[in-house]
Every structure is written in C-alpha cells, then in structure tokens.
Amino acid sequence: MQAWITMETNDADFGDERLDARYRMILDQLSDKPSLSIPAACGGNAETQAAYRFFGNEKATPAKVLQPHRNAMMERVRAEAVVIAAQDTTEVNLTRKEEKVGGPLNDDQHWGLYDHPLLVMTPQRVPLGIAYAKMWSRDPAEFAKSSQERRQERRKKPFEEKESYRWLEGYEAACQVAAEAPNTKVVCVSDSEGDIYECILAGVPGEGPRAEWIVRGCQDRSLVEEDKNLLQLLACQVPLGTMTVWVSQREASTGDDRKRRQSRESRTAEVTVRSVRTLLNPPDRAGKKLPPVYVQAILVREEKPPAGEEPIEWLLLTSLPIETFEACCTAVGYYCCRWEIEVYFRVLKSGCKIEELQFEHADRMQVCLAMYMIVAWRVLYVLMLGRKCPELSCEAVFSEAEWKSVYVIANRTPAPKKPPTLEVMIPMIAGMGGYLGRKGDGPPGPQTMWIGMQRMRDFATAWTAFGPAQAKRCV
C-alpha cells in the first residue's frame with residue numbers, strides 16, 4: 001500500500017475494522033489507476049465485488065470517506081499562516097441510454113448529480129485538501145412543472161430550502177476550519193453564484209471564530225447612505241494603482257443572460273484598482289426583514305483591453321481590510337486563487353473519469369465520488385508542491401520504489417543514492433505522461449501529471465516485485 005494512503009487514512013473509522021481496511025485498499029487501488037474503470041482498477045472479480053459492497057454499505061457515507069482526509073488536511077492547515085478555502089459547484093453528468101442515475105441537471109434529458117466542495121490551499125495554490133463537500137440530486141418531479149411554476153415556488157421557499165443555501169454551508173465549513181486552526185487566517189473565496197446577501201451577513205464578526213471571505217459580485221447593489229449604486233460609487237473613487245492579473249482561457253457558454261459568457265484566450269491584463277467601504281441596502285425577503293451590512297468593495301477594471309477582447313471587470317466584496325493599495329492587491333491575489341478549484345474539477349472529471357462510472361444508485365455513486373475526490377487532490381497536490389517547493393526532496397511525496405523506478409527508466413542509468421528534488425522528479429514523471437519539457441513549454445500541467453503518476457505506479461509495482469537489480473538489467 002502506498003505510504004501516503006496510510007498517512008491520509010490513519011484514523012478512518014467506519015465502525016468496523018474490516019470496513020476501515022477495505023476503505024484503505026480501495027483508495028489505494030483507485031489512486032493506482034484513476035482513469036480506469038473500477039473493475040480494471042481493482043484487478044479481479046472478488047476485489048471488484050468487495051469494492052461495490054463497500055460503496056453500498058450503509059456505514060459508508062461521503063462524509064465518513066472524507067473525514068480521515070480532512071483530519072490530515074487540518075495538520076497541513078495548522079502549519080500555514082494563511083489558507084484560501086475556495087468553494088464552487090460542478091455537475092457530474094451520468095446520462096445513460098438505458099438508465100437514469102441521480103436527477104435532472106439543466107434539463108430532463110441530462111441526468112446526474114451536483115458536487116460542491118471546499119478546496120483548501122495555500123496562497124501559492126498548493127492544495128491542502130477537501131474540507132467539506134455537499135452532493136445532491138434534483139427531484140425529477142420538479143422538472144415536470146413549467147419553468148414559471150418552478151420560479152414562483154422558488155421565490156416562496158425559505159433560503160434554507162434552496163439549492164443556493166450550499167454557499168452558506170460552504171462558508172460555515174470554512175469557519176469550522178478557522179475554529180480548528182486558530183493561528184491560521186482562513187479566507188473563504190466564492191465566485192459570482194455565491195453573491196448572496198445572507199452569506200454576506202453570515203460573515204459579520206460575532207460569537208466564535210469566523211473565516212474571512214471574498215465573493216465576486218454579480219449584481220449592482222443599492223446603498224443605504226448614498227444616492228448611487230455600488231458600481232457607480234466605486235467608479236467615482238480615485239484609482240489606488242494598477243496591477244497585473246492573469247486571465248485564464250475559457251470557452252463560450254450558453255444559458256440565461258446571467259450565465260452566458262464569450263470565449264477568450266488566456267492572457268495577462270493590466271487593471272486599475274478602486275475600493276470603498278459602504279453600507280449595503282438589504283434586499284426584500286418574503287416573511288423577514290434583513291438588516292443592512294457594511295462591506296469592503298474592490299473594483300478591478302481593465303481600462304485598455306486588447307482589440308476585440310472583452311475588458312476585465314471584477315467587483316469583489318470582502319471582509320478583508322482594503323485601506324491601502326497593497327491590501328487590495330492582497331485581496332485580489334487571494335481571489336485569483338479560486339481558479340485552482342476549476343483545475344481540480346478538471347482532474348476529477350478528465351483524470352479520474354468520474355462521469356464514466358457505472359452505478360445504478362446515486363447514493364453509492366456519491367461514496368465512490370468522495371474517494372475519487374481524495375485521489376484528484378493527491379494529483380494536484382504533487383503537481384503544485386513541485387512548482388512551489390522545487391528544492392524539496394522527492395521522498396516527501398514519493399516512495400523509494402516510485403522515484404527510483406522512474407529515474408532508472410527515464411535516464412537509463414542507476415538511481416542516485418541521494419533522492420533528487422521535486423524540481424528534478426516532477427518533469428520526469430510528467431514526461432511519462434507526454435510532457436516534452438521543451439523551451440517555452442512551461443511547467444508540467446495536470447493532464448501529463450495524472451498520466452505520468454499512473455505509469456509511475458506501474459513501474460513502482462514492478463520495482464517492488466522484481467527488485468532493483470532485476471529492474472536495472474531490464475533497462
């Protein structure tokens with residue numbers, strides 16, 4: 001069994017020692033072959049049936065699967081001065097011709113489930129683990145109603161019964177991380193879907209530790225003490241300075257006006273930064289009156305975009321201080337870390353191929369998905385640790401059999417006595433996945449990394465089975 005599996009699941013507790021052992025074994029098998037089917041990863045009929053029995057066991061829940069990993073994550077969090085907790089939602093499309101698993105997604109022709117994790121990372125984007133995840137399927141009966149009926153019912157529902165409540169639950173999970181790591185500043189970051197007034201209210205300092213927060217605004221809110229709306233007030237402020245931000249590539253998306261986006265290429269953008277502290281006017285809510293709340297707001301705007309490009313404009317609301325330009329730049333930098341959860345979703349879907357899993361029941365799929373969430377974290381953790389800590393010994397994350405087998409095969413020479421650094425080993429492993437390392441290629445990406453790590457596990461298995469001397473003669 002891989003050493004990191006033992007460390008990451010040290011305190012697994014499913015109420016049965018046999019289940020604890022099976023949990024570790026399945027996680028080891030899935031991480032060995034993340035892109036293969038469960039039968040192929042398990043390597044035999046008996047092992048496959050045992051895995052499916054585990055997924056269907058009533059004692060095995062997504063929360064219990066993630067708990068040992070979360071405990072290990074907290075040890076990493078406590079070693080940091082600041083961590084970013086990014087939350088977002090992804091849909092897991094499980095549409096099949098023969099069966100329907102989960103519930104409707106955006107329409108009744110596509111079925112699956114939703115996953116809303118909280119990914120904790122350092123400000124350098126090294127992922128420390130998954131602190132929380134909510135999974136759910138939509139009720140098929142809801143899609144039998146017209147869109148107008150659904151909209152009217154949604155307006156009448158209390159906030160606690162809406163899907164959007166997940167954003168508040170994610171923030172509360174970040175607050176729990178802050179409570180368990182009192183010497184670490186926790187900053188919860190959300191995209192525009194998390195721009196919900198109740199979530200802003202939850203961030204007001206009160207009893208118990210509260211995580212700091214940043215949310216990208218999706219609406220121009222009205223103000224209590226001003227005759228202008230928020231964006232108008234920000235536009236009137238004198239720019240504090242300019243900074244450069246990295247804008248990621250994206251494809252065009254369809255949907256309603258709020259979600260429709262144009263395609264764009266990745267690039268750097270020079271933006272101006274404005275900020276203001278102001279009192280938000282509360283929105284109307286059925287059956288309750290919400291209080292006004294003070295927020296810090298930052299406007300990041302690209303004044304001179306390249307020809308044909310849509311200008312960058314971010315409205316950020318935050319609890320962090322913004323009195324100086326440096327403080328605003330820090331907050332903007334923390335928000336930019338949010339992109340890492342999009343990369344995580346790509347590893348989960350393309351690397352672990354979770355949408356190709358064959359389950360008849362959504363609850364069993366959720367247990368399996370929780371295990372793959374740990375596997376996806378591991379791939380991204382190794383990749384980003386190599387970028388941010390290149391001088392670290394490779395034995396910090398790889399076993400002797402792993403790094404020595406890769407080194408011998410990649411270099412056609414015996415492995416050195418002293419373990420190489422991550423700066424040396426990460427490109428070698430990614431090279432097994434197709435990374436060429438040419439001048440101008442940049443560092444390895446997640447795709448070459450997950451393919452390379454899968455091949456590395458095969459090499460390590462052969463190294464352990466046949467021994468270094470035999471492996472050397474086979475080169």
Side-chain angles (χ1 to χ4, degrees), residues 1-5 8 26-43 90 92 119 125-127 248-249 266 339-357 368-369 371-388 390 394 396-412 415 420-438 440-465 471 474-475:
M1 184 173 294
Q2 300 169 72
W4 76 267
I5 297 284
E8 207 68 17
I26 296 171
L27 187 58
D28 186 53
Q29 292 168 336
L30 297 184
S31 65
D32 255 359
K33 302 287 189 297
S35 61
L36 300 186
S37 65
I38 291 175
C42 292
T90 189
V92 182
L119 175 66
R125 305 193 188 189
V126 177
S248 58
Q249 180 183 19
S266 58
W339 178 250
E340 200 65 20
I341 198 170
E342 303 286 356
V343 180
Y344 174 76
F345 287 150
R346 182 174 175 235
V347 175
L348 193 59
K349 291 184 177 182
S350 299
C352 299
K353 299 188 182 300
I354 57 171
E355 294 182 321
E356 297 180 14
L357 297 175
C368 184
L369 174 57
M371 299 194 78
Y372 274 112
M373 290 176 71
I374 302 173
V375 174
W377 159 78
R378 170 68 179 180
V379 173
L380 203 55
Y381 173 71
V382 171
L383 176 68
M384 296 307 296
L385 191 65
R387 290 185 187 180
K388 303 307 176 184
C394 68
V397 289
F398 301 121
S399 68
E400 181 180 3
E402 288 172 338
W403 74 261
K404 282 190 174 181
S405 60
V406 169
Y407 191 97
V408 169
I409 292 173
N411 296 285
R412 297 294 195 269
T421 63
L422 288 178
E423 185 178 26
V424 173
M425 285 306 303
I426 293 296
M428 282 189 200
I429 296 170
M432 304 293 179
Y435 176 66
L436 299 178
R438 299 167 298 189
D441 276 353
Q447 181 169 339
T448 56
M449 197 63 193
W450 76 60
I451 297 173
M453 287 179 68
Q454 183 168 307
R455 295 195 67 196
M456 174 189 72
R457 288 301 306 153
D458 290 334
F459 300 152
T461 300
W463 183 275
T464 302
C474 293
V475 172

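- Counting all heavy atoms, side chain and backbone alike, I451 lies closest to M432 at CG2-O, 4.3 Å.
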Given the rule in the side chain to side chain contact (heavy atoms under 4.5 Å, CB included) test, do D458 and K33 qualify, once you have shown the distances and angles that lead to the verdict? CA-CA 9 Å; D458 290 334; K33 302 287 189 297; 2.7 Å; yes
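- The distance from atom SG of C352 to atom CG of L369, rounded to the nearest 0.5 Å, is 9.5 Å.
- Here the closest non-hydrogen pair linking K353 and S35 is CD-O, 3.3 Å.
- The salt bridge (Lys or Arg N to Asp or Glu O under 4.0 Å) test applied to R457 returns D32, E402, not counting sequence neighbours.
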What do the steps show when you test M428 against I409 for side chain to side chain contact (heavy atoms under 4.5 Å, CB included), and what is the final call? CA-CA 10 Å; M428 282 189 200; I409 292 173; over 6 Å; no
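- Side-chain contact between E356 and S37 is absent, with no heavy-atom pair separated by less than 4.5 Å.
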Under the side chain to side chain contact (heavy atoms under 4.5 Å, CB included) rule, what do T461 and T464 come out as? Steps first, then yes or no, please. CA-CA 5 Å; T461 300; T464 302; 5.9 Å; no
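- The two atoms that bring M384 and V126 nearest to each other are O-CG2, 3.8 Å, heavy atoms only.
- A distance of 10.5 Å separates SG of C42 from CG of L36, quoted to the nearest 0.5 Å.
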Steps toward side chain to side chain contact (heavy atoms under 4.5 Å, CB included) verdict (R387, L383): CA-CA 7 Å; R387 290 185 187 180; L383 176 68; 4.2 Å; yes
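- A parallel orientation is assigned to the rings of Y381 and W377, their planes being inclined by less than 30° (bins at 30° and 60°).
- In this structure, R455 and V406 have side chains that are not in contact, with every pair of non-hydrogen atoms separated by 4.5 Å or more.
- Taking the side chain as every heavy atom from C-beta outward, V382 and R378 approach each other to under 4.5 Å.
- Side-chain contact between L422 and F398: present, with at least one pair of heavy atoms (C-beta onward) separated by less than 4.5 Å.
- Proximity of a side-chain donor or acceptor of Y344 to a complementary backbone N or O of M373 within less than 3.5 Å is detected.
- With sequence neighbours left out, E342 forms a salt bridge (Lys or Arg N to Asp or Glu O under 4.0 Å) with R338.
- Minimum heavy-atom separation, Q2 to S31: NE2-OG, 2.8 Å.
- Shown here for I38 and C368, the closest heavy-atom pair between the two residues is CD1-SG, 3.8 Å.
- The shortest heavy-atom contact between I426 and P444 is CG2-CG, 4.1 Å.
- Here CD1 of I341 is found 10.5 Å from CG of L348. Values are rounded to the nearest 0.5 Å.
- In this structure, CZ on F459 lies 16.0 Å from OH on Y407, to the nearest 0.5 angstrom.
- With values rounded to the nearest 0.5 angstrom, F345 atom CZ is found 11.5 Å from L380 atom CG.
- Put simply, CD1 on I429 and OH on Y435 are 13.0 Å apart, with the number rounded to the nearest 0.5 Å.
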